[in-house]
There are 2 protein chains.
Amino acid sequence: MQTKNDPDIYTTFQAICKKFNLKVTPQRIAVYDAVISAHDHPSTDAVFRKVQDRHPNISFDTVNRTLNTFAEIGVIDPVEGHGAPKRYDPNLAVHHHFHCIQCGAIIDLYPDMFKRIEIPSELEKKFTVTAKRILLKGYCARCRTEQKSD
Amino acid sequence: MQTKNDPDIYTTFQAICKKFNLKVTPQRIAVYDAVISAHDHPSTDAVFRKVQDRHPNISFDTVNRTLNTFAEIGVIDPVEGHGAPKRYDPNLAVHHHFHCIQCGAIIDLYPDMFKRIEIPSELEKKFTVTAKRILLKGYCARCRTEQKSD
DNA sequence: TTGACAATAAGAATTTATCCTATATAGTTC
DNA sequence: GAACTATATAGGATAAATTCTTATTGTCAA
């Protein structure tokens with residue numbers, strides 16, 4: 001991952017903008033810098049607050065819109081599920097999930113499709129693991145068809 | 001999983017309520033029935049609309065509160081991430097995630113900790129898979145300590 | 001430098017979830 | 001089976017997160 005001190009960060013960002021026909025604005029540079037140098041998984045609000053240090057006049061909407069743009073062009077990745085309304089799973093048996101990134105469908109996958117997941121012991125020393133799941137993201141059968149016909 | 005036609009569904013629900021000192025109300029029965037017989041992963045609003053068919057006077061708040069209660073006692077499982085503010089991951093390399101169900105922290109886990117995930121070919125015939133990830137849920141180091149001292 | 005188009009700021013609107021409180025109800029006791 | 005008590009509910013108010021609208025500003029290319 002690049003860091004804030006990397007002198008290439010601006011050059012890299014310029015190249016990305018050029019590729020996707022985005023204008024290089026101070027706001028976009030600031031958001032790019034803030035999010036790309038984060039070592040956690042920041043929320044829109046966290047990025048907004050970080051950017052505000054140097055750009056007190058930036059609006060929340062700009063940060064939000066910019067993050068959405070960056071996610072669309074693949075500069076950052078929206079963390080699984082977050083941002084969508086809460087949903088409940090009545091199936092308490094061990095199983096896995098496929099998330100459709102277009103329509104939001106969540107499809108159950110059965111454990112015999114996959115190898116058993118072994119949790120490394122160094123991890124269980126630090127964390128209490130209550131559930132483990134394989135999570136696949138992509139386009140479901142229906143959305144994939146629509147995708148192809150674009 | 002139980003189905004709506006299962007004659008034991010009401011008996012099962014009564015037993016659960018007794019165990020957790022919850023009163024058996026028509027609203028709770030309706031919500032239980034709706035969510036437990038769902039084969040998708042319904043949102044609060046979806047459950048609300050389903051329950052409304054037979055209980056036109058039920059409030060959204062009751063459905064929401066009841067679902068939260070059911071999640072607390074382990075009758076249903078909140079789907080990973082959903083319901084929390086959107087978050088972004090600047091790390092585009094293959095890696096895995098641990099979600100703390102108490103503080104919401106998302107912690108990166110590195111792929112060499114786990115066996116490679118093979119995607120079954122019957123799955124790739126139906127879906128386009130763009131990302132695969134192992135997702136662990138539980139208590140992070142800090143929350144686990146607090147948990148123990150309760 | 002200027003014109004065309006894209007991006008921004010600010011506030012309003014939307015969506016999702018929760019809180020508040022008076023009333024109603026379940027389950028127990030008599 | 002009636003009365004009691006704690007819990008649950010309805011519905012309006014509130015809060016939090018995100019997106020939309022519109023007037024203004026800024027970028028980049030000619």
Side-chain angles (χ1 to χ4, degrees), chain A residues 10 13-32 34-35 41-52 54-73 75-76 78-79 81-88 104, chain B residues 10-11 13-35 41-52 54-73 75-76 78-79 81-88 101 103-104:
Chain A
Y10 179 70
F13 180 65
Q14 270 197 318
I16 292 167
C17 285
K18 191 142 207 171
K19 186 172 167 193
F20 291 97
N21 286 312
L22 297 174
K23 297 194 169 164
V24 179
T25 67
Q27 291 90 340
R28 281 191 179 142
I29 296 169
V31 171
Y32 181 79
V35 74
H41 304 77
S43 63
T44 306
D45 192 57
V47 176
F48 176 56
R49 278 182 277 115
K50 197 168 171 186
V51 170
Q52 266 189 323
R54 285 167 176 272
H55 295 77
N57 292 323
I58 199 167
S59 73
F60 181 89
D61 189 50
T62 295
V63 174
N64 184 54
R65 201 170 1 83
T66 304
L67 289 171
N68 279 340
T69 304
F70 288 168
E72 270 170 34
I73 67 177
V75 165
I76 53 177
V79 176
H82 289 247
K86 202 182 268 187
R87 294 173 68 173
Y88 297 95
Chain B
Y10 179 69
T11 312
F13 181 65
Q14 269 196 319
I16 292 167
C17 285
K18 191 141 206 170
K19 186 173 167 193
F20 291 97
N21 285 314
L22 297 175
K23 293 191 174 169
V24 180
T25 66
Q27 290 90 338
R28 282 191 178 144
I29 296 169
V31 171
Y32 181 78
D33 187 13
V35 75
H41 304 74
S43 64
T44 306
D45 192 57
V47 176
F48 175 56
R49 278 182 278 114
K50 197 168 171 186
V51 169
Q52 266 188 322
R54 285 166 177 272
H55 295 76
N57 291 324
I58 200 169
S59 72
F60 182 88
D61 188 49
T62 296
V63 174
N64 184 54
R65 199 168 4 81
T66 304
L67 289 171
N68 279 340
T69 305
F70 288 168
E72 271 171 32
I73 66 177
V75 165
I76 53 177
V79 176
H82 289 248
K86 204 182 268 187
R87 295 173 68 174
Y88 297 94
I101 55 179
C103 71

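Worth knowing before you read on, the calculation uses all heavy atoms, side chains too, and leaves out hydrogens, waters and symmetry mates. Naming convention: chains lettered A, B, ... in sequence-line order (proteins, then strands); numbering from 1 in each chain.
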Separation of C:dA7 atom P from A:Ile58 atom CD1, nearest Å, is 14 Å
Given protein heavy atoms under 4.0 Å, the one-letter contact record of nucleotides 19-30 of chain C, with B base, S sugar-phosphate only and - none, is simply BB-----BS---
Quiz item: Are A:Thr25 and A:Thr62 close enough that some pair of their side-chain heavy atoms sits under 4.5 Å apart?
Solution: no
Atom CZ of B:Arg28 and atom P of D:dA10 are separated, to the nearest Å, by 11 Å
- Query: Checking A:Arg87 side chain against B:Val79 main chain: does a donor-acceptor pair fall under 3.5 Å?
  - Reply: no
All heavy atoms of B:Tyr88 vs all of A:Ala71, minimum pair found to be CE2-CB, 4.2 Å
side-chain contact (heavy atoms from CB on, under 4.5 Å) filter on A:Ala84, not counting sequence neighbours, yields B:His82
One would report the end-axis bend of the helix from C:dT1-D:dA30 to C:dC30-D:dG1, five pairs per end and rounded to 10 degrees, as 30°
If only side-chain N and O atoms of B:Thr62 are considered, is one of them under 4.0 Å from the OP1 or OP2 phosphate oxygen of D:dT9? no
Side chain to side chain donor-acceptor pair (under 3.5 Å) pairs touching residues 13-24 of chain A, sequence neighbours excluded, are A:Tyr10-A:Gln14
Once base and sugar-phosphate atoms are separated, protein heavy atoms under 4.0 Å mark nucleotides 12-17 of chain C, 5' to 3', with B, S and - as ----SS
Whole-Å distance, A:Gln52 CD to C:dA10 P, equals 11 Å
For B:Arg28, the salt bridge (Lys or Arg N to Asp or Glu O under 4.0 Å) test, sequence neighbours excluded, returns none
Notebook entry, point to check: How about A:Lys50 and A:Pro42: do any of their side-chain heavy atoms sit closer than 4.5 Å?
Noted result: no
In this structure, CG of A:Asp61 is separated from CG of A:Asn68 (nearest 0.5 Å) by 9.5 Å
| task | Applying side-chain contact (heavy atoms from CB on, under 4.5 Å), run through B:Val75 and B:Tyr32 and close with a yes or a no. | result | CA-CA 9 Å; B:Val75 165; B:Tyr32 181 78; 3.6 Å; yes
Taking every heavy atom of B:Phe48 against every heavy atom of B:Phe60, the minimum-distance pair comes out as CE1-N, 3.4 Å
Atom CG of A:Leu67 and atom P of D:dA17 are separated, to the nearest Å, by 15 Å
Between B:Val35 and B:Ile76 the two heavy atoms that sit nearest each other are CG1-CG2, 4.0 Å
Separation of D:dG11 atom P from B:Gln27 atom CD, nearest Å, is 11 Å
